[in-house]
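Just so we're clear, the structure is a prediction, and the values are computed from it rather than from any experiment. So that the names make sense, note that chain A is the first sequence line, chain B the second, and so on, each numbered from 1.
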Amino acid sequence: MSYHGGVVIIASWNVNSIRARLEHVTTWLKSRQPDVLLLQELKGTEFPADAFRDLGYEAVAVTQKAYNGVAILSRSPIKTVSTALMGDEADSHARFLETEVNHIRIVNIYLPNGNPPGSENFAYKLAWMDRLERRMRAWRTSEIPVLIGGDFNVIPEDIDCHKPASWIHDALFQPEPRGRFRTMLGLGYTDAFRTLHPTEAGQFTFWDYFRQAFSHNRGIRIDHFLLSPPLAVKLVSCVIDKGPRALEKPSDHTPIVVELDL
DNA sequence: ATGTCAGTCGTAGACTGA
């Protein structure tokens, strides 16, 4: 499939263990047939590349034991550009994968959660965002268009959670990460979902497992696609597919799907 | 503080992270 003159579908899904969610992911791939799927929270060193190859997807995965882990599946060849976020040689978390697929820079991120606020985890999150911002500045000057997708672990605005009061003590809602997210938009990147649905409340990508959060739609929008200007003008649709969150044994996140007419 | 789920270590259930 060529991206020239066609519609490309790119999806992102934090699966909370690829081993526990393999059936969900393969079933979803067969029904939705995205060109590219970004996965986060693989949670283990084993990655079932064969299962995806059988469905026509090439895969590149960055994994570690027990935690984190990101992968990109694609029906077109993937050129791996970087498997780590520049700026801290000591950072060994599997949270970043930069690739080139059909002349688009596709970057998959699993941004640190950072809870609780004020902790070492929180400082790591902010530093990680600063490092990402530096890359995003650098990418602006290159020819190739950029899509950054994944679990940002940031609730951008009050409209992106069911009730701000219940998130004010959470790292995902603090002014510092939210400010950094706004800075990224200020660099010229477009939040694909919010741009197409500027006032739509109750649109979430994550719901806690506790207290029937999903059935009450008490969630947050933390999985995002950011597009550089040449891709933003080709944005056709961006939707959240709540289907997989309603299945038995779901991930706490559900897929977000963006459509670009290139 | 609570709630639930997945992985680890190591064979039960406490622990960590989310």
Asker: On DNA chain B, does the nearest nucleotide to A/Asn121 precede the nearest nucleotide to A/Leu42 from the 5' side, or the other way round? Give the residue.
Answerer: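 On the 5' side of the pair lies A/Leu42.
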Asker: Please pick, from B/dC9, B/dA18, B/dA6, the nucleotide with the shortest atom-to-atom distance to any side-chain atom of A/Tyr110.
Answerer: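 Comparing B/dC9, B/dA18, B/dA6 against the side chain of A/Tyr110, the answer is B/dA18.
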Asker: Parallel, tilted or perpendicular: which describes the rings of A/Phe214 and A/Trp207, with under 30° parallel and over 60° perpendicular?
Answerer: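 Ring orientation, 0 to 90° scale: perpendicular.
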Asker: Picking from B/dA18, B/dT2, B/dT8, which would you name as closest to the side chain of A/Arg211?
Answerer: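 Per side-chain heavy atoms of A/Arg211, the pick is B/dT2.
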Asker: Relative to the 5' end of DNA chain B, which residue comes earlier, A/Asp208 or A/Lys249, by the nucleotide with the nearest heavy atom?
Answerer: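 Mapping each residue to its closest nucleotide by heavy atoms, the 5'-most match is A/Asp208.
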Asker: In whole angstroms, how far is the P atom of B/dG17 from the CD atom of A/Gln64?
Answerer: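 In whole Å, B/dG17 P lies 12 Å from A/Gln64 CD.
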Asker: Between atom CG in A/Leu172 and atom C1' in B/dG17, what is the gap in whole Å?
Answerer: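 From A/Leu172 CG to B/dG17 C1': 13 Å.
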Asker: NE2 of A/His253 versus P of B/dA6: gap in Å, rounded?
Answerer: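 One finds 13 Å between P of B/dA6 and NE2 of A/His253, rounded.
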Asker: Let's see if you can work this out: which of B/dA18, B/dT16, B/dT8 has an atom nearest to the side-chain heavy atoms of A/Tyr67?
Answerer: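 Nearest nucleotide to the side chain: B/dT16.
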Asker: Take atom CG of A/Asn113 and atom C1' of B/dG17, then tell me their distance rounded to the nearest Å.
Answerer: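 Computing the A/Asn113:CG to B/dG17:C1' distance gives 8 Å.
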Asker: Is the shortest side-chain N to carboxylate O distance from A/Asp130 to A/Arg180 below 4.0 Å?
Answerer: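 A salt bridge links A/Asp130 with A/Arg180.
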Asker: Does A/Arg19 make a side-chain N or O approach to OP1 or OP2 of B/dT8 shorter than 4.0 Å?
Answerer: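 The answer is yes; a side-chain N or O of A/Arg19 sits under 4.0 Å from OP1 or OP2.
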Asker: Below the 4.0 Å mark, does B/dT8 have OP1 or OP2 next to a side-chain nitrogen or oxygen of A/Lys43?
Answerer: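 Answer is no, no contact under 4.0 Å.
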Asker: Within the structure shown, what part of the strands sits under 4.0 Å from A/Phe206 by heavy-atom distance: base, sugar-phosphate, or nothing?
Answerer: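 No contact at all - A/Phe206 keeps every heavy atom at 4.0 Å or more from the nucleic acid.
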Asker: Roughly how many Å apart are B/dG7 and B/dT2, using the P atom of each and rounding to a whole number?
Answerer: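 Per the computed distance, 24 Å lies between those P atoms.
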Asker: Roughly how many Å apart are B/dT8 and B/dG3, using the C1' atom of each and rounding to a whole number?
Answerer: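 After rounding to an integer number of Å, I get 22 Å for this pair.
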Asker: Run the numbers on A/Asn108 and A/Gln40 for side chain to side chain donor-acceptor pair (under 3.5 Å), then give the verdict.
Answerer: CA-CA 8 Å; A/Asn108 183 8; A/Gln40 303 86 31; 2.8 Å; yes
Asker: Nearest whole Å is fine: how far is B/dT2 P from A/Gln212 CD?
Answerer: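 Taking atom P of B/dT2 as the reference, CD of A/Gln212 is at 19 Å.
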Asker: Return the nearest nucleotide to the side chain of A/Phe210; candidates are B/dT2, B/dA18, B/dT8.
Answerer: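 Selected nucleotide: B/dA18.
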Asker: Output the single nucleotide from B/dG3, B/dC5, B/dG7 whose closest atom is nearest the side chain of A/Tyr209.
Answerer: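 Closest nucleotide among those given: B/dC5.
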Asker: Does the ring pair (Phe, Tyr, Trp, His ring centres under 6.0 Å) test come out yes or no for A/Phe181 and A/Phe152, once each step is laid out?
Answerer: CA-CA 9 Å; A/Phe181 188 86; A/Phe152 282 67; 5.8 Å; yes
Asker: Under a 3.5 Å threshold, yes or no: a donor from one side chain and an acceptor from the other, between A/Asp223 and A/Thr205?
Answerer: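 On atom types as modelled, these side chains qualify, holding a pair under 3.5 Å.
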Asker: Once you round it to whole Å, what is the distance between C1' of B/dA6 and CD of A/Glu248?
Answerer: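 Going from CD in A/Glu248 over to C1' in B/dA6 covers 17 Å.
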Asker: Using atom P of each nucleotide, how far apart are B/dC15 and B/dG10 to the nearest Å?
Answerer: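 So the two P atoms sit 15 Å from each other.
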Asker: How long is the line joining CG of A/Asn16 and C1' of B/dT16, in whole Å?
Answerer: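 Computing the A/Asn16:CG to B/dT16:C1' distance gives 13 Å.
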Asker: In whole angstrom, give me the gap between the P atoms of B/dA1 and B/dA6.
Answerer: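 Those two atoms are separated by 26 Å.
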Asker: What nucleotide among B/dA6, B/dC9, B/dA18 has an atom nearest to a side-chain atom of A/Arg21?
Answerer: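 In terms of side-chain proximity for A/Arg21, the closest of B/dA6, B/dC9, B/dA18 is B/dA6.
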Asker: How close or far is atom C1' of B/dT2 from atom CH2 of A/Trp167, stated in whole angstroms?
Answerer: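 These atoms are roughly 14 Å apart.
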Asker: Taking only Lys NZ, Arg NE, NH1 and NH2, and the carboxylate oxygens of Asp or Glu, determine whether A/Arg105 and A/Glu98 approach each other closer than 4.0 Å.
Answerer: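 Looking at A/Arg105 and A/Glu98, the cut-off is met.
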